[in-house]
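Basis for what follows: all heavy atoms, side chains included, without hydrogens, waters or symmetry-related copies.
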Amino acid sequence: MFLSVFDLFKIGIGPSSSHTMGPMTAARRFLDEVAGDDWPRPAGAKVDRIAASLHGSLAYTGIGHGSDRAVVLGLAGQTPQKVDPDQANGIVDRIVADKRISPPGHPSYRFDPATDLVLDRKTPLSGHANGMAFSAYDADDRLLLKRIYYSIGGGFVVSEEELQRMKVKGSVTTEGKKVPYPFKNAVEMLSMAAKSGLSIADMKRVNEETQMSREKLDAGLDDIWSAMKSCIERGLSQDGIMPGGLKVRRRARQLHDKLQEQWRQNRPNPLLANDWLSIYAMAVNEENAAGGRVVTAPTNGAAGTLPAVLRYWLHFHPEADQPSIRDFLLTAAAIGGIIKTNASISGAEVGCQGEVGSASAMAAAGLCAVMGGTPEQVENAAEIALEHHLGMTCDPVGGLVQVPCIERNALGAVKAVTAASLAIKGDGVHFVPLDAAIETMRQTGLDMNEKYKETSLGGLAVNIVEC
């Protein structure tokens, strides 16, 4: 399935693309269905009450990821792209107090989050680990409409029917339009690059421009980087304790100030690039943990790795410019699309190898490309980065995207830069193909115990005492 760069890089809010953005999107989508005419209803029946339930991983870590809060915001008519993070708590508090929702364009509905929003840990939904059910009732509490949605990673939401279609048949088209370079794996990508003489970024650009003008594409790419850069800057300016109860303190600003002082003193520091990489990544993921504005890259839990590497490119490479930023993002999106099509970017499906591992592979590919790498070297860079995240579990302490997630993004960025550097010094010939690493990640995810897949039932989540 062809995935646009704007499918993989979505501007939204934290702390989780699958557990926050996904439930908010699903709730808003259910509202739209309630208002539509595409479902049968008894004559004269009117929706009076809305209810929702979260299942699987969403139920286990929903509170820590703000899934419950996201559903309330979605039912209030908010979307991840438009909601103001500074106003979100006020919206939720009013609904909790009034026990009603009044979304724009709708009548007022009864909705008491204390009773109408259930985190059901006992009843998993069969389609995916991140399942949600929404129901609409009349004034006599007769069920009028029920819909099931799944949050499949990176902010993607599908209905039960759409998920079944995805499992039966994939597609290399978007909105019915064929793309010139419909590569669905790395072998096809390299073959098409060799035949066309185009870079991976150029092929991705040609595909995107079948859907939009070059001007619109470039403006969208610039908006993505602007949002990433703003997230880094805000993260570097904030202090204090992150929400959720773990009492984890923000560190990016303090570390940034120390690095700035060393920079001014011109003191030798052989780890300088790694330090900057780590701080940039931590700044983003601290913002994500605080529910700030972030970009899925390809998920919120892995949102810091790619922006950190791109900021590193601008910081340490004088040849960096705006066109190279766009090529970086296009190349990264091409790799991300292959990973999502053939494996997963969801921690609830395959663990953190699918989140930070994918992010590191995407960042390594993007950096190798803008450093002048051939398509073969770019594929090699992505493979190196992904290979060395294989088997990584998703075990957030307290269900919060804080420990080990924030530092894990920093190390993912360091691995990405190292992978790009190794690949560009070679000739692109290497032992393990990227497709093999992706398939290994998929198989490892299938074999991985559920307690290591974003349920907070194993790993660090049960071996660290919450303070």
Side-chain angles (χ1 to χ4, degrees), residues 2-11 17 153-155 181 183 186 189-190 193 198-205 207-208 217-218 220-229 231-232 277 280-281 284 294-300 302-314 317 320 322-343 345 354-375 377-386 389 409 412-413 415-420 423-424 434 437-438:
F2 171 73
L3 293 172
S4 170
V5 63
F6 304 113
D7 289 326
L8 287 161
F9 299 122
K10 300 186 185 76
I11 300 173
S17 49
Y181 301 101
F183 52 84
M189 178 183 72
L190 293 178
L198 298 176
S199 69
I200 294 169
D202 287 340
M203 290 193 298
K204 184 66 174 169
R205 174 176 285 279
N207 286 346
E208 296 287 346
L217 174 61
D218 286 344
L221 293 171
D222 293 346
D223 286 344
I224 288 170
W225 170 237
S226 178
M228 289 178 172
K229 182 169 62 175
C231 186
I232 293 173
L277 269 171
Y280 292 148
V284 171
V294 297
V295 180
T296 60
T299 66
N300 282 29
T305 295
L306 189 145
V309 174
L310 190 42
R311 181 69 176 263
Y312 157 87
W313 162 248
L314 294 169
H317 290 261
Q322 195 68 22
S324 70
I325 294 173
R326 297 166 186 160
D327 286 345
F328 186 111
L329 293 172
L330 289 167
T331 305
I335 299 300
I338 290 173
I339 294 172
K340 179 168 174 57
T341 298
N342 296 286
I345 58 172
E355 296 209 24
V356 173
S358 297
S360 186
M362 293 165 64
L367 180 61
C368 185
V370 296
M371 290 171 64
T374 65
Q377 289 170 321
V378 169
E379 184 262 359
N380 188 14
E383 186 281 323
I384 294 171
L386 183 61
H389 286 87
N409 274 260
K415 286 183 181 180
V417 171
T418 303
I424 206 158
L434 174 59
I438 294 172

Check your understanding: How far apart are the C-alpha atoms of Thr418 and Ile384, what are their side-chain angles, what is the distance that settles it, and do they pass the side chain to side chain contact (heavy atoms under 4.5 Å, CB included) test?
Key -> CA-CA 9 Å; Thr418 303; Ile384 294 171; over 6 Å; no
Are the side chains of [Y] and [X] in contact, using a 4.5 Å heavy-atom criterion?
X	Y	answer
Trp225	Arg311	yes
Val309	Val417	yes
Leu367	Ile424	no
Met189	Tyr181	no
Pro298	Met362	yes
Leu386	Ile335	no

Which atom names give the shortest non-hydrogen contact between [X] and [Y], and what distance separates them?
X	Y	value
Ala420	Ala364	CB-O, 3.6 Å
Val294	Cys231	CG1-SG, 3.6 Å
Trp313	Ser324	NE1-OG, 3.0 Å
Lys415	Ser360	CB-OG, 3.9 Å
Ala423	Gln377	CB-O, 3.4 Å
Ile232	Pro307	CD1-O, 3.9 Å

**Study point:** Donor-acceptor contact below 3.5 Å, side chain Asp7 vs main chain Ser4
**Key:**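 Checked: pair present.
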Review point. Any donor-acceptor pair under 3.5 Å linking the side chain of Ser226 with the backbone of Asp222?
Key: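 Not at all, since once roles are kept as given, no pair shorter than 3.5 Å links the two residues.
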So how far is it from [X] [atom1] to [Y] [atom2], rounded to the nearest 0.5 Å?
X	Y	atom1	atom2	answer
Phe9	Leu306	CZ	CG	5.0 Å
Ile339	Ile438	CD1	CD1	5.0 Å
Leu330	Ser199	CG	OG	8.5 Å
Phe6	Ile11	CZ	CD1	9.0 Å
Ile345	Leu8	CD1	CG	6.0 Å
Asp202	Asp327	CG	CG	6.5 Å

Practice item. Check the pair Glu383 / Asn380 against side chain to side chain contact (heavy atoms under 4.5 Å, CB included), numbers first and verdict last. Key: CA-CA 5 Å; Glu383 186 281 323; Asn380 188 14; 4.1 Å; yes
Point to revise | Worked check of side chain to side chain contact (heavy atoms under 4.5 Å, CB included) between Tyr280 and Lys229 | key: CA-CA 9 Å; Tyr280 292 148; Lys229 182 169 62 175; over 6 Å; no
**Study point:** Basic-acidic side-chain contact under 4.0 Å: Arg205, Asp218
**Key:**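 Between Asp218 and Arg205 there is a salt bridge, with a charged N closer than 4.0 Å to a carboxylate O.
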Review point. Given Glu208 and Phe2, is the side chain to side chain contact (heavy atoms under 4.5 Å, CB included) satisfied, shown in steps?
Key: CA-CA 10 Å; Glu208 296 287 346; Phe2 171 73; 3.8 Å; yes
**Study point:** Candidates Asn409, Asn300, Thr299, Thr305 - the one meeting side chain to side chain donor-acceptor pair (under 3.5 Å) with Glu355
**Key:**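 So the option named by the test is Thr299.
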